[in-house]
Amino acid sequence: MALHAWLFPTHTTPSGISADFCYHQFHSAPPFFTEQPNQNTHAHLTEQWIRLILTYARHKRLFVLRVEDAEVPGGDWDEILRNERINRRIPPSYLSSLMAALVAKNLAVYEPAKQTRAVLLHWRLPEEWADVLHSWATATGQLNTILTFYEISDPPISSPLSGIPIPLLRQAITILSRSNRAQIIGVADGEGVRFFAR
(Lines give C-alpha, C1' and ligand atoms only; values in the text may rest on other atoms or scores of the structure.)
Protein backbone atom coordinates (compact mmCIF):
# COMPACT_ATOMS: atom_id res chain seq x y z
CA MET A 1 0.00 0.00 0.00
CA ALA A 2 1.36 3.45 -0.89
CA LEU A 3 2.05 5.82 1.98
CA HIS A 4 -0.35 8.45 0.66
CA ALA A 5 -3.22 5.95 0.93
CA TRP A 6 -2.51 5.71 4.65
CA LEU A 7 -2.63 9.47 5.19
CA PHE A 8 -5.92 11.30 5.41
CA PRO A 9 -7.34 14.80 5.44
CA THR A 10 -10.00 15.22 8.10
CA HIS A 11 -12.95 17.13 9.38
CA THR A 12 -12.46 20.36 11.32
CA THR A 13 -10.45 23.51 10.66
CA PRO A 14 -9.46 25.59 13.69
CA SER A 15 -10.41 29.23 13.30
CA GLY A 16 -7.69 31.69 12.41
CA ILE A 17 -5.65 29.36 10.20
CA SER A 18 -5.67 28.65 6.52
CA ALA A 19 -8.83 26.99 5.31
CA ASP A 20 -7.04 25.04 2.59
CA PHE A 21 -6.02 22.27 5.01
CA CYS A 22 -8.39 20.03 6.95
CA TYR A 23 -7.61 19.09 10.52
CA HIS A 24 -8.59 16.06 12.52
CA GLN A 25 -10.98 16.61 15.41
CA PHE A 26 -8.14 15.69 17.81
CA HIS A 27 -6.42 18.97 16.91
CA SER A 28 -9.10 20.78 18.92
CA ALA A 29 -8.62 18.64 22.05
CA PRO A 30 -6.20 20.05 24.66
CA PRO A 31 -4.82 16.58 25.58
CA PHE A 32 -3.62 16.18 21.97
CA PHE A 33 -0.84 18.67 22.72
CA THR A 34 0.64 16.86 25.74
CA GLU A 35 2.20 13.45 26.22
CA GLN A 36 -0.33 11.17 27.85
CA PRO A 37 0.64 8.86 30.73
CA ASN A 38 -1.77 6.10 29.67
CA GLN A 39 0.14 3.88 27.25
CA ASN A 40 -2.86 3.12 24.99
CA THR A 41 -3.89 6.78 24.78
CA HIS A 42 -0.29 7.80 24.12
CA ALA A 43 0.05 5.24 21.29
CA HIS A 44 -3.25 6.35 19.72
CA LEU A 45 -2.37 10.06 19.86
CA THR A 46 1.10 9.35 18.48
CA GLU A 47 -0.53 7.70 15.43
CA GLN A 48 -2.82 10.72 15.01
CA TRP A 49 0.15 13.11 15.23
CA ILE A 50 2.13 11.08 12.71
CA ARG A 51 -0.75 11.20 10.24
CA LEU A 52 -1.25 14.93 10.80
CA ILE A 53 2.46 15.72 10.41
CA LEU A 54 2.85 13.68 7.21
CA THR A 55 -0.41 14.90 5.67
CA TYR A 56 0.46 18.51 6.43
CA ALA A 57 4.03 18.09 5.16
CA ARG A 58 2.75 16.65 1.89
CA HIS A 59 0.12 19.39 1.56
CA LYS A 60 2.69 22.16 2.14
CA ARG A 61 5.62 20.28 0.52
CA LEU A 62 7.69 20.45 3.71
CA PHE A 63 10.55 18.00 3.99
CA VAL A 64 12.28 18.84 7.28
CA LEU A 65 10.87 18.98 10.81
CA ARG A 66 13.02 20.30 13.67
CA VAL A 67 12.47 20.24 17.42
CA GLU A 68 12.84 24.04 17.32
CA ASP A 69 9.74 24.25 15.10
CA ALA A 70 7.65 23.73 18.26
CA GLU A 71 8.77 27.17 19.45
CA VAL A 72 8.80 29.21 16.24
CA PRO A 73 5.73 31.48 16.02
CA GLY A 74 4.63 31.92 12.42
CA GLY A 75 7.00 29.21 11.14
CA ASP A 76 6.15 26.64 8.49
CA TRP A 77 4.88 24.19 11.11
CA ASP A 78 3.11 26.64 13.42
CA GLU A 79 -0.36 25.89 12.02
CA ILE A 80 -0.36 22.30 13.25
CA LEU A 81 2.00 22.50 16.23
CA ARG A 82 -0.29 24.94 18.02
CA ASN A 83 -3.97 25.75 18.29
CA GLU A 84 -4.59 29.33 19.41
CA ARG A 85 -8.30 28.69 19.82
CA ILE A 86 -7.64 26.36 22.75
CA ASN A 87 -4.37 28.06 23.76
CA ARG A 88 -2.23 24.96 23.20
CA ARG A 89 1.20 24.34 21.67
CA ILE A 90 3.15 21.11 21.47
CA PRO A 91 6.19 21.18 23.77
CA PRO A 92 9.59 20.55 22.15
CA SER A 93 10.10 17.40 24.23
CA TYR A 94 6.84 15.91 22.91
CA LEU A 95 7.73 16.87 19.33
CA SER A 96 11.09 15.18 19.82
CA SER A 97 9.38 11.95 20.90
CA LEU A 98 7.04 12.15 17.88
CA MET A 99 10.07 12.57 15.62
CA ALA A 100 11.61 9.47 17.21
CA ALA A 101 8.36 7.58 16.51
CA LEU A 102 8.47 8.70 12.86
CA VAL A 103 12.06 7.43 12.58
CA ALA A 104 11.17 4.14 14.30
CA LYS A 105 8.39 3.59 11.73
CA ASN A 106 10.75 4.45 8.80
CA LEU A 107 8.60 7.47 7.99
CA ALA A 108 11.54 9.84 8.60
CA VAL A 109 15.30 9.77 9.07
CA TYR A 110 17.47 11.97 11.23
CA GLU A 111 19.13 14.46 8.88
CA PRO A 112 21.94 15.09 9.27
CA ALA A 113 22.70 11.70 10.77
CA LYS A 114 24.04 11.31 14.32
CA GLN A 115 21.72 13.93 15.82
CA THR A 116 18.08 13.87 16.99
CA ARG A 117 16.94 17.47 16.54
CA ALA A 118 15.90 17.36 12.85
CA VAL A 119 14.29 14.77 10.58
CA LEU A 120 13.82 14.39 6.87
CA LEU A 121 10.19 13.34 6.46
CA HIS A 122 9.05 10.58 4.15
CA TRP A 123 5.56 11.74 3.24
CA ARG A 124 6.42 9.78 0.14
CA LEU A 125 8.61 6.77 0.76
CA PRO A 126 11.96 6.73 -1.09
CA GLU A 127 10.58 3.94 -3.31
CA GLU A 128 7.65 6.18 -4.26
CA TRP A 129 10.05 9.07 -4.98
CA ALA A 130 12.04 6.70 -7.20
CA ASP A 131 8.90 6.00 -9.25
CA VAL A 132 8.02 9.71 -9.42
CA LEU A 133 11.59 10.49 -10.50
CA HIS A 134 11.67 7.88 -13.24
CA SER A 135 8.20 8.87 -14.49
CA TRP A 136 9.32 12.51 -14.61
CA ALA A 137 12.51 11.61 -16.51
CA THR A 138 10.49 9.57 -19.01
CA ALA A 139 7.72 12.17 -19.46
CA THR A 140 10.18 15.03 -19.98
CA GLY A 141 12.42 13.16 -22.42
CA GLN A 142 15.37 12.93 -20.04
CA LEU A 143 16.20 9.25 -20.63
CA ASN A 144 19.90 8.73 -21.51
CA THR A 145 20.61 12.36 -20.63
CA ILE A 146 22.99 13.30 -17.83
CA LEU A 147 21.38 15.64 -15.29
CA THR A 148 22.87 17.15 -12.15
CA PHE A 149 21.05 16.69 -8.87
CA TYR A 150 20.50 20.46 -8.85
CA GLU A 151 18.76 20.36 -12.26
CA ILE A 152 16.33 17.79 -10.87
CA SER A 153 15.63 19.45 -7.50
CA ASP A 154 15.48 23.01 -8.86
CA PRO A 155 14.16 22.73 -12.44
CA PRO A 156 13.29 25.84 -14.51
CA ILE A 157 9.70 24.56 -14.74
CA SER A 158 8.10 23.37 -11.52
CA SER A 159 7.85 19.59 -11.23
CA PRO A 160 6.83 17.02 -8.61
CA LEU A 161 10.54 16.95 -7.68
CA SER A 162 10.92 20.69 -7.11
CA GLY A 163 12.58 21.30 -3.77
CA ILE A 164 13.33 17.65 -3.00
CA PRO A 165 16.27 17.53 -0.59
CA ILE A 166 19.45 16.07 -2.09
CA PRO A 167 19.69 13.21 0.48
CA LEU A 168 16.18 12.06 -0.45
CA LEU A 169 16.89 12.48 -4.16
CA ARG A 170 20.07 10.41 -3.74
CA GLN A 171 18.04 7.64 -2.03
CA ALA A 172 15.54 7.58 -4.91
CA ILE A 173 18.34 7.43 -7.49
CA THR A 174 20.03 4.61 -5.56
CA ILE A 175 16.77 2.64 -5.66
CA LEU A 176 16.53 3.21 -9.42
CA SER A 177 20.19 2.17 -9.82
CA ARG A 178 19.49 -1.19 -8.18
CA SER A 179 16.89 -1.93 -10.87
CA ASN A 180 19.14 -0.60 -13.70
CA ARG A 181 16.85 2.38 -14.33
CA ALA A 182 19.48 4.98 -13.36
CA GLN A 183 23.22 5.43 -12.98
CA ILE A 184 24.98 7.94 -10.73
CA ILE A 185 27.75 9.73 -12.61
CA GLY A 186 30.42 12.10 -11.38
CA VAL A 187 30.18 15.50 -13.07
CA ALA A 188 32.19 18.72 -12.74
CA ASP A 189 29.65 20.25 -10.32
CA GLY A 190 29.31 17.17 -8.11
CA GLU A 191 26.98 14.29 -8.86
CA GLY A 192 24.79 13.60 -11.83
CA VAL A 193 22.48 10.86 -12.98
CA ARG A 194 21.52 9.18 -16.24
CA PHE A 195 18.12 7.51 -16.51
CA PHE A 196 17.36 4.40 -18.54
CA ALA A 197 14.10 2.93 -19.83
CA ARG A 198 12.56 0.14 -17.75
Using a strict cut-off of less than 4.0 Å between a Lys/Arg side-chain nitrogen and an Asp/Glu carboxylate oxygen, indicate whether E127 and R178 qualify as a salt bridge.
no
Kindly compute the distance separating CG (L95) from CZ (R117), expressed to the nearest 0.5 Å.
9.5 Å
Drop me the distance from I152's CD1 to I164's CD1, to the nearest 0.5 angstrom.
9.0 Å
Would you check if W129 and L169 make a side-chain contact, meaning some heavy-atom pair closer than 4.5 Å?
no
Lys/Arg-Asp/Glu bridge criterion (N-O < 4.0 Å) met for D131, R181
yes
Got F195 and T145 here, is their nearest side-chain heavy-atom distance under 4.5 Å?
no
From S179 atom OG to I175 atom CD1, the distance as rounded to the nearest 0.5 Å:
9.0 Å
Flag side-chain contact, heavy atom, 4.5 Å: V72 against D78
no
For the residue pair Q36 and T34, establish whether any side-chain heavy-atom pair is separated by less than 4.5 Å.
yes
Where Y94 and H42 come nearest, the two heavy atoms and their spacing:
CE1-CE1, 4.2 Å
Determine whether Y110 and L102 fall in the same hydrophobic cluster, where Ile, Leu, Val, Met, Phe, Trp and Tyr are linked whenever their side-chain heavy atoms lie under 4.5 Å apart.
yes
Over 60° means perpendicular and under 30° means parallel, so classify the ring planes of H27 and F32, tilted if in between.
perpendicular
Minimum heavy-atom distance between L65 and L121, given as atom pair plus value:
CB-CD1, 4.1 Å
Nearest 0.5 Å, please: how far is CZ in R194 from CG in L147?
10.5 Å
What class does the angle between the rings of F33 and W49 fall in, given that below 30° is parallel, 30 to 60° is tilted and above 60° is perpendicular?
perpendicular
Just so I know, are the side chains of Q142 and E151 near enough to count as touching, which here means a heavy-atom distance under 4.5 Å?
no
How long is the straight-line distance from CD1 of I184 back to OG1 of T174, given to the nearest 0.5 Å?
4.5 Å
Does some side-chain heavy atom of S153 sit less than 4.5 Å from a side-chain heavy atom of I166?
yes
Heavy atoms of P91 and A70 approach each other most closely as C-CB, 4.2 Å
Note: A118 and R66 closest approach over all heavy atoms is CB-CG, 3.8 Å
Over 12 non-hydrogen atoms of neighbours within 6.0 angstrom of CD in Q39
no
Closest non-hydrogen atom pair between P126 and L168, with its separation
CG-CD1, 4.3 Å
K60 and D76, any side-chain heavy atoms less than 4.5 Å apart:
no
Verdict with reasoning, M99 to T116, per side-chain contact (heavy atoms from CB on, under 4.5 Å)
CA-CA 8 Å; M99 290 164 52; T116 58; over 6 Å; no
Given side-chain contact (heavy atoms from CB on, under 4.5 Å), test L133 with V193 step by step and report yes or no.
CA-CA 11 Å; L133 177 57; V193 61; over 6 Å; no
Are F149 and F196 grouped together when hydrophobic residues (ILVMFWY) are joined by side-chain heavy atoms under 4.5 angstrom apart?
no
With a 4.5 Å limit on heavy-atom distance, are the side chains of F26 and L52 in contact?
no
Restricting to non-hydrogen atoms, name the atom on D69 and the atom on R89 that form the minimum distance, rounded to 0.1 Å.
O-NH1, 4.5 Å
More than 12 heavy atoms of other residues, nucleotides or ligands under 6.0 Å from CG of N144: is that the case?
yes
For the ring pair W123 and Y56, is the centre-to-centre distance below 6.0 Å?
no
Tell me whether T138 contacts the main-chain N or O of H134 through its side chain, where contact means a donor paired with an acceptor under 3.5 Å.
yes
Out of curiosity, T46 OG1 to I50 CD1, how far, rounded to the nearest 0.5 Å?
6.5 Å
